[in-house]
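A quick write-up on the structure given underneath.
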Amino acid sequence: MIQVTLPDGKVLDLPADSTGYHVAAAIGPGLAKAALAAEVEGEVVDLHRPLPGSCRVRLITERDPESLELLRHSAAHVLATAVRRLRPDAQIGFGPAIDEGFYYDFGVEEPFTPDDIEAFRSEMEAVIEADFPFERRRVDKPEARELFSDDPLKLERLEEFDDDEVITVYRDGPFLDLCRGPHVPSTGHLKHFELLSAAGAYWRGDERRQMLQRIYGTAFHRKKELAAHLERLEEAKRRDHRVLGRELDLFTTDARVGSGLILWQPAGSVIRNEIEEYEKELIIRHGYDIVYTPHMVSEKLFEISGHLENFKENMFGAVEVEGTRYRPKPMNCPGHICIYQAAQRSYRELPIRYAEFGTVYRYERSGVLHGMLRVRGFTQDDAHVFCTEEQVPAEIHALLDLVDEMLTTFGYPYSIELATRPEKALGSEEVWDRSIAVLREVLEERELDYTVDEGGGAFYGPKLDFKLIDAIGRNWQGPTVQLDFNLPERFGIEYIGDDNERHRPVMLHRVLVGSMERFVGGLIEHYAGAFPLWLAPEQVRILPISEQFSEAAQAYVEELREAGIRAELADRETLGYRIREAELRKVPYMGVMGEREVEDGTVAVRRRGEGKKQDVLDRTVFLERLLQEIEDRALA
RNA sequence: GCUCCGGUAGCUCAGUGGUAGAGCGCUUCCUUGGUAAGGAAGAGGUCGAGGGUUCAAUUCCCUCCCGGAGCUCCA
């Protein structure tokens, strides 16, 4: 007999060869049916795996978050089972669960067609219907070699195991896979799944290796959850900034200009300009100095900064003028350092904070370019803080204030990640530890939640990464704050301390929006194109009921413009048509003016997305409300 | 960069080895309309670019450019 301790502290006495299933059965028939796996001494294992002896056991059902990963991993096996049935020659690669689903990689002569995918989907249904149990078996290396003698990819993986390592295989019906597990008990547990896409993927992510065909899918315990997930994907598609960008005339690209280069149309430029004006006001209030540096500089600068050494493959090529080679800058920091070095600095001046909307150019491989989100030319809201080591905590505090104010304004919740010393790092361990400790202390002082990305810092310093969460729950790269132990050394920057000696200042890099292009692209998706009033390219559209009121409407448009409101008149076609147009254009407010309004000095105000609900307001009152909403940068 | 898919009117897309269509948009006219499409007429295309095969290429083949799904990488 063994003693099994349950999470609530209860202890069960069970026969020595019991499994998680027996534990569940001993608790009750409902649980025996619902259990998908067991957590034994903290490790998730198959439900039918014998317990190692007396132990702590927690049963995992579909209520537990871990179970989704199990389900999806098993779904990947079901997919492979189906593929192998229809295409016995397909080599099998890896098939893990991922964040939102699963994939499986196959080596085939010809890429899969949509018809193939559909066939696999149907075949998966059959595999599920058959309800094959997932059977785990330990094997040694020679036996494994035998089992996978027809699967070169599995054999390659197999050779990476140490001789004494535990190797397990899983079988479900006809399909056998080299796999660590665990799995759900049988294929029948997979009820709600969908295959989503197929694309090429290099074996082991190495572009020099064979290209496999990867099929992506997802799976859920409940039909409703699957439907909700698919709906979320649809919603993401509807919000696609490339589609909205064209519909709303925000930005465009042109083959004659080049890939990865964004042309900001007037409407998009309004948004960008509003953001820049807001940020300028914000950072000037926070003690920053605005600077400008050239787009192209002598290559020598990048020799000093080390970019030519470490970043060359991301830099545009040089142009030679009168014997000097110039390059478009990939980063703004070297220029800012030169401004710092334009004069001898005293500790009395520090901290010095230089900010620039600096446009940088980076070579990106054509395949990674994506709308405004991944481009070759972009403008960073870049800033560099030069300060003494003692001033660092105060600077970090100030930055956290700045970040919070900024992200709150745009309506983004966010999370914080602290990235620490990587393997290959510059500067002494002691300096690193001290800097990380400073960052940590500031975060803790503020009682902010954060996660640690162990070893995720740049080689030249630790950083804080802020992750934005958008309106449909997706994560975006947000602000970053980065300590730099490298550039101050390379440039030999100094200040004179109160001891009249030369000292090396600490340098912080920081961006808030990061790249204007990426940020605005993200905002388009976050707001689904319906920008809050302060950012809306067109804020108010005035609609006279008929042309006989056009003059009065035009006069009101002028009045609004006079007050700084971006207002337009729409007086052609029918009223219904114009309302529809304004809604599709996502103009925040429509103001209807007919006989009554013209006589009364009012306007019938209709808010975007609120249908017929409207207020008849005194025109001056409406204007004041608009101004207030803009001043507040209200989100609604 | 690589694999696959795509590029036809401003936009979304149909179509064909015998030089082309729809809807929306645009222009003009009629309509002067009270809250998500009033009516009519018209203009608009070197079918991504170049080369090849063919009596004939938008259609088939090759190269290139641009875009998409991914791999890898990143702000």
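Below, chain A is the first sequence line, B the second, and so on; all start at residue 1.
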Determine the Euclidean distance between corresponding [atom1] atoms of [M] and [N]; express it in Å to zero decimal places.
{"N": "G42(B)", "M": "A56(B)", "atom1": "C1'", "answer": "33 Å"}
{"N": "A14(B)", "M": "A22(B)", "atom1": "P", "answer": "16 Å"}
{"N": "U31(B)", "M": "A69(B)", "atom1": "C1'", "answer": "48 Å"}
{"N": "G15(B)", "M": "G7(B)", "atom1": "C1'", "answer": "15 Å"}
{"N": "G38(B)", "M": "G10(B)", "atom1": "P", "answer": "25 Å"}
{"N": "G25(B)", "M": "U19(B)", "atom1": "P", "answer": "31 Å"}
{"N": "G68(B)", "M": "U63(B)", "atom1": "P", "answer": "22 Å"}
{"N": "U54(B)", "M": "C11(B)", "atom1": "C1'", "answer": "35 Å"}

NA contact type, [X], heavy-atom cut-off 4.0 Å: base, sugar-phosphate, or nothing?
{"X": "E581(A)", "answer": "nothing"}
{"X": "G367(A)", "answer": "base"}
{"X": "E573(A)", "answer": "base"}
{"X": "E547(A)", "answer": "base"}
{"X": "A201(A)", "answer": "sugar-phosphate"}
{"X": "A604(A)", "answer": "base"}
{"X": "R246(A)", "answer": "sugar-phosphate"}

Do the side-chain N or O atoms of [X] get closer than 4.0 angstrom to the phosphate oxygens (OP1, OP2) of [N]?
{"X": "S197(A)", "N": "G70(B)", "value": "no"}
{"X": "R365(A)", "N": "C2(B)", "value": "no"}
{"X": "R214(A)", "N": "C2(B)", "value": "no"}
{"X": "H370(A)", "N": "A69(B)", "value": "yes"}
{"X": "R541(A)", "N": "A36(B)", "value": "no"}
{"X": "T574(A)", "N": "U32(B)", "value": "no"}

A correct dot-bracket answer for RNA chain B, with pairs being Watson-Crick or G-U at under 3.5 Å, [ ] for crossing pairs and | for inter-strand pairs, is (((((((..((((....[..)))).(((((.......))))).....(((((..]....))))))))))))....
- Item | side-chain hydrogen bond (donor to acceptor under 3.5 Å, both in side chains), paired with R232(A), selected from H229(A), E235(A), E234(A) |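 Among H229(A), E235(A), E234(A), the one meeting side-chain hydrogen bond (donor to acceptor under 3.5 Å, both in side chains) with R232(A) is H229(A).
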Atom-to-atom span, [atom1] of [X] to [atom2] of [N] - whole angstrom:
{"X": "E109(A)", "N": "C4(B)", "atom1": "CD", "atom2": "P", "value": "12 Å"}
{"X": "N314(A)", "N": "C73(B)", "atom1": "CG", "atom2": "C1'", "value": "8 Å"}
{"X": "W203(A)", "N": "G70(B)", "atom1": "CH2", "atom2": "P", "value": "21 Å"}

Can you tell me how far apart CZ (R239(A)) and CG (D470(A)) are? Round to the nearest 0.5 Å.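 That separation rounds to 7.0 Å.
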Exercise for review: Could you tell me the separation between the CG atom of L248(A) and the NE2 atom of H241(A), rounded to the nearest 0.5 Å?
Suggested key: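 Answer for the CG-NE2 pair, L248(A) versus H241(A), is 12.5 Å.
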Spell out yes or no: do the side chain of R209(A) and the base of C2(B) have one donor N/O and one acceptor N/O closer than 3.5 Å?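 Such a pair does not exist between side chain and base.
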- Would you say the side chain of Q380(A) lies within less than 4.5 Å of the side chain of N332(A), judging by non-hydrogen atoms?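 They are in contact (side-chain heavy atoms under 4.5 Å apart), so the answer is yes.
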Going by the side chain to side chain donor-acceptor pair (under 3.5 Å) test, which pairs reach into residues 258-268 of chain A, not counting sequence neighbours?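 Only W264(A)-E517(A) qualify under side chain to side chain donor-acceptor pair (under 3.5 Å).
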Quiz item: Looking at F120(A) versus F112(A), is the centre-to-centre ring distance below 6.0 Å?
Solution: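 Yes, close enough.
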### Message
Which residues pass the side-chain contact (heavy atoms from CB on, under 4.5 Å) test with F311(A), not counting sequence neighbours?
### Response
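Scan of F311(A) (side-chain contact (heavy atoms from CB on, under 4.5 Å), adjacent residues dropped) gives H307(A), N314(A), M315(A), P330(A), M331(A), R362(A).
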Does the ring of Y577(A) meet both stacking tests against the six-membered base ring of A36(B): centre distance under 5.5 Å and plane angle under 30°?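 According to the criterion (under 5.5 Å, under 30°), no, Y577(A) does not stack.
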